[in-house]
Student: 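Can you keep this structure in mind? I'll have questions shortly.
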Amino acid sequence: MFLNTLTPKFYVALTGTSSLISGLILIFEWWYFRKYGTSFIEQVSVSHLRPLLGGVDSNTPSNSNTSNGDADSNRQSVSECKVWRNPLNLFRGAEYNRYTWVTGREPLTYYDMNLSAQDHQTFFTCDTDHMRPADASKGICPIFVMQKAWRERNPQARISAAHEALELNECATAFILLAEEEATTIVEAEKLFKQALKAGEGCYRRSQQLQHHGAQYEAQHRRDTNVLVYIKRRLAMCARKLGRTREAVKMMRDLMKEFPLLSMFNIHENLLEALLELQAYADVQAVLAKYDDISLPKSATICYTAALLKARAVSDKFSPEAASRRGLSTAEMNAVEAIHRAVEFNPHVPKYLLEMKSLILPPEHILKRGDSEAIAYAFFHLQHWKRVEGALNLLHSFRMIPYPLEKGHLFYPYPICTETADRELLPSFHEVSVYPKKELPFFILFTAGLCSFTAMLALLTHQFPELMGVFAKAFLSTLFAPLNFVMEKVENILPSSLWHQLTRI
């Protein structure tokens, strides 16, 4: 009887109100998810309803341990988000500026260039340089001029200061600045670096003889050592870019033997790339055996090169169908584990190696495990993966990473600060790769479906009130049919007088 009294207007109002309420819930859920990264309904249900229903949080008994673990995790995240100098950084004048001339885009961000300026001041100056402004005015030493040059923001002002320093005297750091920023080709840069090497070796020999005479002379010797190592490393990179790869490998090996303690330049990563170009895989394995150590900081170059070597042993004959039938052999298992280890360390790299995402020029600084490191690695190593037959096919199966990988299996949990740092390092025209992707919570999908469904019902009821009224009555009749059936059975079983009393109650 009640269903027969309902009019089409009631159904329109009911479905419209339901659609409005579910739409408001959907908007609130989406805003809360965008701001806090979680569903409000899910958070309330977990935090308040689970205890009422008897659920126990497994972390409750060990609050102190959890807090200590969170603190350790936060400290690790801070260290993981440290920005590192790119060992394979390009030349500004000969490479970055040429890209700007052709495309009109700036490949380097101000933040990246500012970090480079700080690096130059750290490597190429020392505390004693502040005490000699009078020497520069007398023309005795151009170091003070170069100290101001490294702080200049304008490239032309830096280049002018370098020329001014060379007018005072032969200055290694002035030649470095001109080779990095004024030279328009690698050949010109190499000539300037050779001049810098001649001046740098003289300063290094003089400071080496005086380094034990006091803290001042020791600081000067440390500065001259940094200058000399930087020049030799860049000369080796020039040789590599000009096709003289064997010469570059020899220069890098000699440099690592002469200065074994200067690991801040990560020369072994330059050596690995050059050895891969020579296809000297045994030498690559020897370098990895030395630097792929648990006590040393990892990098995408270390992890993915180790994966490439293991994949090379099986990739030419590897077939996913055959492996699924017979199982993985020991060599295939080692290759799969090495690739999984590399992908867990930096999950952004496969997209660039598989050419699912376009490459840009790598920045001068990288964030380990971030998109910037992935770009820097793939920019130089994509050709080496292509050269190994079947290696990319084997990597293709790891393009989708199991979620959630940020819990950490072989490494620390994936740091959450990488996206912010990468956006500072990479140019604005590049779409930063973000990992892990935040999946939409169930309640957002549920409310979106509910809102759409009720809105559709409201529209149909408004357009076809009579027909939708018939459908609604039929649906409600079907829905309440089991209840009516039970009521009829109860009425037949109970005496009529008792049933009359119950219905009155």
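Keep in mind the model is a prediction, meaning the values are calculated, not measured.
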Student: Is there side-chain contact between Leu276 and Leu308, with at least one heavy-atom pair below 4.5 Å?
Tutor: yes
Student: Any idea which heavy atoms bring Trp385 and Tyr304 closest together, and the distance?
Tutor: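 That would be CZ2-O, 3.4 Å.
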Student: Does any N or O in the side chain of Asn270 come within less than 3.5 Å of the main-chain N or O of Pro87, such that one atom is a donor and the other an acceptor?
Tutor: yes
Student: To the nearest 0.5 Å, what is the distance between SG (Cys303) and CD (Glu373)?
Tutor: 8.0 Å
Student: Is a donor on one side and an acceptor on the other found under 3.5 Å between the side chain of Asn86 and the backbone of Pro363?
Tutor: yes
Student: Show your reasoning for whether salt bridge (Lys or Arg N to Asp or Glu O under 4.0 Å) applies to Arg92 and Glu181.
Tutor: CA-CA 5 Å; Arg92 284 195 189 178; Glu181 302 193 22; 3.7 Å; yes
Student: Side-chain contact test, heavy atoms from C-beta onward, threshold under 4.5 Å: evaluate it for Leu88 versus Glu269 and give yes or no.
Tutor: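 The answer is no; the side chains never approach within 4.5 Å.
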Student: With a 3.5 Å distance limit and no angle check, can you tell me whether Asn346 reaches the backbone of Lys368 through a side-chain donor-acceptor pair?
Tutor: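 No: the side chain of Asn346 does not pair with the backbone of Lys368.
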Student: Test of understanding: with ring pair (Phe, Tyr, Trp, His ring centres under 6.0 Å), list the residues that count as partners of Trp150, not counting sequence neighbours.
Tutor: His120, Phe124
Student: Just verifying a value: how many Å separate Thr301 OG1 and Tyr377 OH, rounded to the nearest 0.5 Å?
Tutor: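 Going from the OG1 atom of Thr301 to the OH atom of Tyr377 covers 6.5 Å.
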Student: Check whether any side-chain heavy atom of His268 lies under 4.5 Å from a side-chain heavy atom of Ile302, and answer yes or no.
Tutor: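 Counting from C-beta outward, His268 and Ile302 do come under 4.5 Å.
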Student: Just wondering, do Ser433 and Glu419 contact through their side chains at under 4.5 Å, heavy atoms?
Tutor: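 No, their side chains stay 4.5 Å or more apart.
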Student: Could you check whether any side-chain heavy atom of Leu178 comes within less than 4.5 Å of a side-chain heavy atom of Leu166, counting everything from C-beta outward?
Tutor: yes
Student: Go through the steps for Gln121 and Gln147 under the test side chain to side chain contact (heavy atoms under 4.5 Å, CB included), then give the verdict.
Tutor: CA-CA 7 Å; Gln121 293 178 59; Gln147 185 184 13; over 6 Å; no
Student: So, does Ser372 use its side chain to make a donor-acceptor pair with the main chain of Leu367 at under 3.5 Å?
Tutor: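 Yes.
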Student: Any salt bridge between Glu180 and Arg234, counting N to O under 4.0 Å?
Tutor: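 Looking at Glu180 and Arg234, the cut-off is met.
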Student: Determine, step by step, whether Lys232 and Glu258 satisfy the salt bridge (Lys or Arg N to Asp or Glu O under 4.0 Å) criterion, reporting the C-alpha distance in whole Å, the side-chain angles of both residues, the deciding distance to 0.1 Å, and the verdict.
Tutor: CA-CA 11 Å; Lys232 289 186 174 183; Glu258 187 177 0; 3.1 Å; yes
Student: Other residues, nucleotides and ligands only: do more than 12 of their heavy atoms fall within 6.0 Å of NZ on Lys191?
Tutor: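 Incorrect, the count does not exceed 12.
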Student: What are the two closest non-hydrogen atoms of Ile339 and Leu395, and how far apart are they?
Tutor: CG2-CD1, 3.8 Å
Student: Does a sphere of radius 6.0 Å around CD in Gln118 hold more than 12 heavy atoms from other residues, nucleotides or ligands, not counting ones at 6.0 Å or beyond?
Tutor: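 It does: Gln118 CD has more than 12 such atoms within range.
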Student: Any salt bridge between Glu355 and Lys386, counting N to O under 4.0 Å?
Tutor: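 The answer is yes: the pair qualifies as a salt bridge.
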Student: Under 4.0 Å between a Lys/Arg side-chain N and an Asp/Glu carboxylate O for Glu170 and Lys198?
Tutor: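 A salt bridge is absent here (no side-chain N lies under 4.0 Å from a carboxylate O).
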Student: Looking only at atom types and distance, does a side-chain atom of Thr109 sit under 3.5 Å from a main-chain N or O of Glu424, one as donor and one as acceptor?
Tutor: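 Here the side-chain-to-backbone pair exists.
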Student: Is a side-chain N or O of Asp371 found less than 3.5 angstrom from the main chain of Asp422, in a donor-acceptor match?
Tutor: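 Side chain of Asp371 to backbone of Asp422, a donor-acceptor pair under 3.5 Å: no, none is there.
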Student: Hey, are the side chains of Asp119 and His365 touching, using non-hydrogen atoms and a 4.5 Å cut-off?
Tutor: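 With C-beta onward as the side chain, the pair touches.
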Student: With rounding to the nearest 0.5 angstrom, report the CD1 to OG distance, Ile366 to Ser299.
Tutor: 7.5 Å
Student: Rounded to the nearest 0.5 Å, what's the gap from CG on Leu272 to CG on Leu288? Could you check?
Tutor: 5.5 Å
Student: Which atoms form the tightest heavy-atom contact between Gly93 and Trp101, and what is the distance?
Tutor: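 Here Gly93 and Trp101 meet closest at O-CH2, 4.4 Å.
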Student: So, taking the atom named NE2 in His384 and the one named NE2 in His381, what distance separates them when rounded to the nearest 0.5 Å?
Tutor: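 Reported value, rounded in 0.5 Å steps: 5.5 Å.
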Student: Answer yes or no: is there a side-chain heavy-atom contact under 4.5 Å between Phe123 and Val227?
Tutor: no
Student: Using a strict 4.0 Å threshold on nitrogen-to-oxygen distance, state whether Arg387 and Glu277 make a salt bridge.
Tutor: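 Salt bridge flag = yes for Glu277 with Arg387.
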Student: Cation-pi between Arg369 and Phe345: NZ/CZ under 6.0 Å from ring centre and within 45° of the ring axis?
Tutor: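 Satisfied, under 6.0 Å and within 45°.
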Student: For Arg158 and Arg153, indicate whether the former's side chain and the latter's backbone hold a donor-acceptor pair under 3.5 Å.
Tutor: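 Yes; judged by distance alone, with no hydrogens or angles, the pair exists.
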Student: Should the pair Arg233 and Phe193 be classed as cation-pi, given the thresholds of under 6.0 Å to the six-membered ring centre and 45° from the axis?
Tutor: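 Arg233 over Phe193 ring: no.
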Student: Which atom pairs, donor and acceptor, lie under 3.5 Å between side-chain atoms of residues 242-252 and protein residues at least two apart or in another chain?
Tutor:
unit_1 : atom_1 : unit_2 : atom_2 : d
Arg244 : NE     : Glu247 : OE1    : 2.7
Arg244 : NH2    : Glu190 : OE2    : 2.3
Lys250 : NZ     : Asp254 : OD2    : 3.0

Student: Ignoring hydrogens and geometry beyond distance, is a side-chain donor-acceptor pair present between Arg85 and Ser116 at under 3.5 Å?
Tutor: yes
Student: Within the structure provided, determine whether Leu382 and Tyr352 are in side-chain contact (heavy-atom separation under 4.5 Å).
Tutor: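 No, every pair of side-chain atoms sits at 4.5 Å or beyond.
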Student: What distance separates Leu192 CG from Ile176 CD1, expressed to the nearest 0.5 Å?
Tutor: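 Going from CG on Leu192 over to CD1 on Ile176, the span is 11.0 Å.
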Student: Show, in sequence, the C-alpha distance, side-chain angles and deciding distance for His430 and Arg423, and conclude whether the side chain to side chain contact (heavy atoms under 4.5 Å, CB included) test is met.
Tutor: CA-CA 9 Å; His430 173 72; Arg423 292 191 187 281; over 6 Å; no
Student: Just by distance, do the side chain of Glu188 and the backbone of Thr184 share a donor-acceptor pair under 3.5 Å?
Tutor: yes
Student: Do you know which two heavy atoms are closest between Ala183 and Ala189, and how far apart they sit?
Tutor: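 Nearest pair, atom of Ala183 first, then Ala189: CB-N, 3.6 Å.
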Student: Please determine whether side chain to side chain contact (heavy atoms under 4.5 Å, CB included) holds for the pair Phe429 and Ile360, giving the CA-CA distance in whole Å, both sets of side-chain angles, and the decisive distance to 0.1 Å.
Tutor: CA-CA 10 Å; Phe429 58 82; Ile360 61 171; 4.1 Å; yes
Student: Which heavy atom in Cys238 sits nearest to a heavy atom in Phe91, and how many Å separate them?
Tutor: SG-CZ, 3.6 Å
Student: Provide the closest heavy-atom pair for Ala162 versus Met146 in the form atom of the first, atom of the second, distance.
Tutor: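 Minimum heavy-atom separation between Ala162 and Met146: CA-SD, 3.8 Å.
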Student: Is there a donor-acceptor pair under 3.5 Å between the side chain of Asn334 and the backbone N or O of Thr330?
Tutor: yes
Student: Apply side chain to side chain contact (heavy atoms under 4.5 Å, CB included) to residues Tyr291 and Leu271 and explain how you reach the verdict.
Tutor: CA-CA 12 Å; Tyr291 289 95; Leu271 179 60; over 6 Å; no
Student: Could you check whether Arg312 makes a cation-pi contact with Tyr281, meaning its NZ or CZ is under 6.0 Å from the centre of the six-membered ring and within 45° of the ring axis?
Tutor: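 Yes, Arg312 and Tyr281 form such a contact.
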Student: Compute the centroid of each ring, for His221 and then for Tyr204, and state whether the two points are separated by less than 6.0 Å.
Tutor: yes
